[in-house]
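All values reported here derive from a predicted model rather than from experimental measurement. First the proteins, then the strands, lettered A, B, ... as listed; each starts at 1.
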Amino acid sequence: TQLLEQSPQFLSIQEGENLTVYCNSSSVFSSLQWYRQEPGEGPVLLVTVVTGGEVKKLKRLTFQFGDARKDSSLHITAAQPGDTGLYLCAGASNQGGKLIFGQGTELSVKP
Amino acid sequence: SAVISQKPSRDICQRGTSLTIQCQVDSQVTMMFWYRQQPGQSLTLIATANQGSEATYESGFVIDKFPISRPNLTFSTLTVSNMSPEDSSIYLCSVARGDTQYFGPGTRLTVL
């Protein structure tokens, strides 16, 4: 069974601080997606990483896919209140299109 | 990407009744998925709905409780049958483009 362990589950920080969210697995994934979800909305895709060792940047967000494609991280620099939300990692499973989701990280950035 | 709409966006229902949630996509897709999500928590897959075949349900979910229709490549419905307060949740549909999924805005269901 493929599992994704996401940590931390809750994070409350002050504006301007940096943070990192981790997703780890013992399984290899062909790709991994990161989503952000705000209350009352569906998850919105931030990035897809597919190559081991890949690093992608989206403004203040940096995403990394592990060399062995078993883990990924999301780093936010100088967090802002607008970054508040639920962050989800999801790996493409070996079962025909399904995604394996991590437990989610509830981020709160206080002004 | 894909533009996905869901109806209704929210509803409050009485115990024992049923609610059908609609999911419409702006382009044809083969695979559609239905998820359940408790507020602030991750997503749990209910079933995969492919056009022209029976939906495939995950462990813990059955067709009698969550019947799904997939009449064409742009539309699907999920019915939550004989509802109880434990069914109160957010229900989301998604579509697959390669390995990536794109989600609808969700339907927030409250069962009294």
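Using non-hydrogen atoms only and a strict 4.5 Å limit, no part of residues 52-78 of chain A faces chain B. Residues of residues 24-44 of chain A having a heavy atom under 4.5 Å from any heavy atom of chain B, listed by number: Ser30(A), Ser31(A), Gln33(A), Tyr35(A), Gln37(A), Gly40(A), Glu41(A), Gly42(A), Pro43(A).
Two residues are said to be in side-chain contact when any heavy atoms from C-beta on lie closer than 4.5 Å; Ser81(B) and Pro67(B) meet this criterion. Put simply, the side chain of Thr44(B) does not reach to within 4.5 Å of the side chain of Glu58(B), judged on heavy atoms.
Only the side chain of Gln37(B) comes within contact range of chain A, judged by heavy atoms closer than 4.5 Å. Heavy atoms closer than 4.5 Å to chain B are found in the side chain of Leu86(A), but not in its backbone. For Gln101(B), the parts lying near chain A are the backbone and the side chain together; criterion is any non-hydrogen pair under 4.5 Å. Using a 4.5 Å cut-off between heavy atoms, Thr100(B) touches chain A through backbone and side chain atoms alike.
Of the listed residues (Gln9(A), Lys98(A), Gln6(A)), the one with the most heavy-atom contacts under 4.5 Å to chain B is Lys98(A).
The line from CD1 of Ile68(B) to SG of Cys23(B) is 10.5 Å long, rounded to the nearest 0.5 Å. Going from atom CH2 of Trp34(B) over to atom OG1 of Thr107(B) covers 6.5 Å, rounded to the nearest 0.5 Å.
The 12-atom threshold is not exceeded at CD of Glu54(B), counting heavy atoms of other residues, nucleotides or ligands nearer than 6.0 Å.
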